Amino acid sequence: ISAPLVQNAFANVIAGRAILDGVPFAVSTGVTSVTLAPLQSVTTTGLAASSNQSYPGAPVTFTAVVNTRTAPVSVGTVSFLQGSTVVATVPVSGGTALYTTTSLPLGTTSITAVYNGTPDNVSSTGPTVVELVVPYPPATSLASALNPSGFGENVAITATVLSAAGPVTAGTVTFRRGKQFLGTVPLDGSGAATFMLNSLPVGASRIQAVYSGAPSDLSSASPVLEQTVSA
């Protein structure tokens with residue numbers, strides 16, 4: 001019996017074909033022998049992600065590696081499944097197939113790679129890779145347009161919220177003087193929220209901005225800004 005190794009006994013085998021463990025063999029007989037020659041190569045498929053944790057909209061590349069017992073596979077296609085849904089089918093080149101996406105949802109997503117097989121290679125399924133997508137941790141800064149300012153004078157206090165993806169435009173910013181609530185302002189398209197102050201007492205006031213957070217961004221607080229008001 002020719003390689004790859006086939007175990008168990010065979011009786012009354014005649015010339016033709018047999019399928020053993022999913023692999024088709026050509027069967028031929030001699031006076032005192034039976035020969036099984038594989039018609040397809042068994043394959044294995046591996047899968048790895050460029051990162052197992054990412055942020056919303058960030059690219060993640062999944063690499064499937066397909067091999068036979070003796071060499072990488074360079075023909076056929078790999079289908080990538082998100083859960084049970086095929087999201088891409090990619091040709092194999094040099095034993096690998098790549099799938100890059102920027103649309104994974106928040107939370108955990110299971111990705112599986114399936115090599116679809118060819119007349120010469122048996123199909124195979126790789127292990128499932130679980131990708132975790134978490135909200136961005138933004139940074140909130142605070143600046144005064146006029147510091148020090150005069151008593152009763154209008155002062156624009158601007159909070160800016162940025163993440164690794166750029167300006168954060170969803171959510172609101174709450175302005176506080178110590179524990180005193182001053183007001184809440186929505187972020188604009190540039191990631192900024194401006195609040196007008198004209199009622200601060202004479203002296204130094206500690207102002208802080210707190211970003212509320214959004215589905216794709218965690219909440220964050222700015223450093224304290226000391227606004228000085230002169231009489």
Side-chain angles (χ1 to χ4, degrees), residues 1-29 33-137 164-165 215-218:
I1 299 177
S2 61
L5 177 65
V6 177
Q7 297 177 330
N8 298 323
F10 298 86
N12 301 319
V13 178
I14 61 173
R17 290 167 63 100
I19 297 179
L20 306 170
D21 293 331
V23 181
F25 287 80
V27 182
S28 60
T29 60
S33 66
V34 175
T35 300
L36 301 178
L39 298 177
Q40 285 182 306
S41 295
V42 174
T43 66
T44 57
T45 298
L47 182 63
S50 57
S51 171
N52 292 119
Q53 180 173 301
S54 60
Y55 298 107
V60 180
T61 298
F62 296 92
T63 301
V65 179
V66 186
N67 290 294
T68 66
R69 286 188 174 97
T70 58
V73 173
S74 295
V75 292
T77 60
V78 170
S79 293
F80 292 88
L81 287 75
Q82 184 172 319
S84 59
T85 302
V86 175
V87 291
T89 298
V90 181
V92 178
S93 177
T96 63
L98 304 179
Y99 165 58
T100 300
T101 179
T102 58
S103 59
L104 294 177
L106 283 168
T108 57
T109 300
S110 296
I111 301 293
T112 307
V114 177
Y115 174 60
N116 296 308
T118 67
D120 295 320
N121 297 303
V122 180
S123 63
S124 59
T125 300
T128 297
V129 170
V130 177
E131 181 71 18
L132 175 62
V133 179
V134 298
Y136 284 101
S216 295
D217 299 280
L218 299 174

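Heads up: numbering here begins at 1 and tracks the sequence. Everything numeric here is computed off the predicted structure, so don't read it as measured data.
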*Asks:* List the atom of Pro215, the atom of Pro135, and the distance in Å for their closest heavy-atom pair.
*Replies:* O-CG, 3.9 Å
*Asks:* Measure across Val86 and Ser79 and return the closest heavy-atom pair with its distance rounded to 0.1 Å.
*Replies:* CG1-CB, 4.2 Å
*Asks:* Work out which heavy atom in Pro72 is nearest to a heavy atom in Gly95; give both atom names and the distance.
*Replies:* CB-CA, 3.9 Å
*Asks:* Measure the spacing between OH of Tyr99 and OG1 of Thr89 and express it to the nearest 0.5 Å.
*Replies:* 10.5 Å
*Asks:* Without swapping roles, check the side chain of Tyr136 against the backbone of Pro56 for a donor-acceptor pair under 3.5 Å.
*Replies:* yes
*Asks:* Could you tell me whether the side chain of Leu104 reaches within less than 4.5 Å of the side chain of Val60, counting heavy atoms only?
*Replies:* yes
*Asks:* Going by the side chain to side chain contact (heavy atoms under 4.5 Å, CB included) test, name the single residue among Val78, Thr77, Val75, Val65 that passes it with Val92.
*Replies:* Val78
*Asks:* Can you tell me how far apart CD1 (Ile111) and CG (Leu81) are? Round to the nearest 0.5 Å.
*Replies:* 8.5 Å
*Asks:* Hey, could you give me each pair passing side-chain hydrogen bond (donor to acceptor under 3.5 Å, both in side chains) that has a residue in residues 46-55? Not counting sequence neighbours.
*Replies:* Ser54-Glu131
*Asks:* Do the non-hydrogen side-chain atoms of Pro59 and Thr61 ever get within less than 4.5 Å of each other?
*Replies:* no
*Asks:* Show me the donor-acceptor pairs, under 3.5 Å and distance only, between side chains in residues 121-130 and residues at least two apart or in other chains.
*Replies:*
| unit_1 | atom_1 | unit_2 | atom_2 | d |
| --- | --- | --- | --- | --- |
| Asn121 | ND2 | Thr118 | OG1 | 3.3 |
| Ser124 | OG | Thr43 | OG1 | 2.8 |
| Ser124 | OG | Thr45 | OG1 | 2.7 |
| Thr128 | OG1 | Thr112 | OG1 | 3.0 |

